[in-house]
Amino acid sequence: MVDEIRIQPEDFSYADEYARCLQAAGPECGAVASFVGLVRSSVGDSDVVGLQLEHYPGMTEQSIAKILAAARKRWDLQHVIVVHRVGELKPNAQIVLVVVASSHRPDAFAACEYVMDYLKTEAVFWKKELRNDGDAWIKSTGDDFARRDSWVDEPS
């Protein structure tokens, strides 16, 4: 099964991606779980006026493919779609979409969460928040690493 990884400046349609995932998953699909990440409009006391996302073509897709391969070793998945935007995005804009299809609900939920936890720490992106009080590069937080590390290394 070939999963879909797309890095693009253009916005995406959740409905179109969901339909695309269902089509690719086939008749054994019994569950779809998804996540959409958005640009925050504030961080603490700072207003966010935008988010600048950069990537290294080829390397970024490869880092995401490794995450999806690891998820496939852990859960029975029919299809996975990851769409991640790059460029300058405004507050409330969609940044990332993960759609996971599986025969069963527990696999779909767990795999979707796993993929997002690893995207936050392992995918090759550079993110800068454009704030009213000065721009700031975003790094993975201790909480991001703790969530990632909470997954057992061995497949279940």
Side-chain angles (χ1 to χ4, degrees), residues 1-43 48 51 53-87 89 91-129 137-156:
M1 178 71 49
V2 176
D3 296 319
E4 297 178 57
I5 300 167
R6 291 195 310 281
I7 311 300
Q8 61 191 47
E10 303 84 21
D11 200 4
F12 53 83
S13 163
Y14 176 83
D16 290 349
E17 298 300 336
Y18 174 84
R20 184 181 182 109
C21 190
L22 278 180
Q23 176 70 30
E28 296 301 314
C29 183
V32 176
S34 61
F35 174 84
V36 176
L38 307 172
V39 177
R40 293 180 189 93
S41 59
S42 64
V43 174
V48 174
L51 182 65
L53 293 111
E54 300 174 14
H55 78 298
Y56 189 83
M59 183 182 289
T60 302
E61 291 85 348
Q62 185 177 33
S63 67
I64 296 170
K66 287 174 67 174
I67 295 166
L68 301 188
R72 283 194 166 281
K73 288 181 181 176
R74 298 174 69 101
W75 298 284
D76 179 27
L77 307 177
Q78 270 78 45
H79 197 65
V80 181
I81 295 175
V82 174
V83 180
H84 205 299
R85 296 183 63 200
V86 292
L89 306 177
N92 302 313
Q94 299 181 122
I95 304 169
V96 61
L97 170 68
V98 176
V99 186
V100 178
S102 179
S103 295
H104 302 284
R105 170 182 46 88
D107 286 0
F109 274 133
C112 187
E113 188 172 14
Y114 175 93
V115 169
M116 272 310 307
D117 287 347
Y118 274 78
L119 281 175
K120 290 284 288 182
T121 59
E122 304 303 316
V124 180
F125 288 99
W126 295 272
K127 301 175 186 179
K128 185 192 305 184
E129 274 180 340
W137 287 101
I138 300 173
K139 297 178 183 176
S140 298
T141 67
D143 286 343
D144 293 331
F145 286 107
R147 287 191 58 81
R148 182 206 62 197
D149 293 345
S150 71
W151 295 99
V152 178
D153 288 337
E154 295 299 317
S156 57

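Note that the structure is a prediction, hence the values are computed from the model and not measured. Just so it is clear, the values below take in all heavy atoms, side chains as well, and ignore hydrogens, waters and symmetry mates.
- Residues passing the salt bridge (Lys or Arg N to Asp or Glu O under 4.0 Å) test with E28, sequence neighbours excluded: none.
- Residues meeting the side-chain hydrogen bond (donor to acceptor under 3.5 Å, both in side chains) test with S34, sequence neighbours left out: Y14.
- A search for side-chain contact (heavy atoms from CB on, under 4.5 Å) contacts involving K66 returns nothing, not counting sequence neighbours.
- With sequence neighbours excluded, no residue satisfies salt bridge (Lys or Arg N to Asp or Glu O under 4.0 Å) with D143.
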Inset, instruction - Check the pair D3 / R72 against salt bridge (charged side-chain N to carboxylate O under 4.0 Å, His left out), numbers first and verdict last. - result: CA-CA 10 Å; D3 296 319; R72 283 194 166 281; 2.8 Å; yes
Side-chain donor-acceptor pairs under 3.5 Å in residues 19-26, sequence neighbours left out?
residue	atom	partner	partner atom	Å
R20	NE	E4	OE1	2.3
R20	NE	E4	OE2	3.4
R20	NH2	E4	OE1	2.9

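- Within the 4.5 Å cutoff, the side chain of I67 has no heavy atoms near those of the V82 side chain.
- Evaluation of the salt bridge (Lys or Arg N to Asp or Glu O under 4.0 Å) rule for E113 yields R147 as partners, not counting sequence neighbours.
- The pair R148-E122 counts as a salt bridge, with a side-chain nitrogen and a carboxylate oxygen less than 4.0 angstrom apart.
- Of all heavy-atom pairs spanning H55 and P57, the tightest one is O-CD, 3.5 Å.
- Under the rule for a side-chain contact (heavy atoms from CB on, under 4.5 Å), the partners of A65 that lie at least two apart in sequence or sit in another chain are I5.
- Under the side-chain hydrogen bond (donor to acceptor under 3.5 Å, both in side chains) criterion, Q94 pairs with D11, sequence neighbours left out.
- With sequence neighbours excluded, the residues satisfying side-chain contact (heavy atoms from CB on, under 4.5 Å) with A71 are W75, L77, Y114, V115.
- Remark: K120 engages M116, D144 in a side-chain contact (heavy atoms from CB on, under 4.5 Å) (not counting sequence neighbours).
- Considering only residues two or more places apart in sequence or on other chains, S140 meets the side-chain hydrogen bond (donor to acceptor under 3.5 Å, both in side chains) condition with none of them.
- Residues L51 and I95 meet the side-chain proximity criterion, which asks for heavy atoms closer than 4.5 Å.
- Residues meeting the side-chain hydrogen bond (donor to acceptor under 3.5 Å, both in side chains) test with S41, sequence neighbours left out: none.
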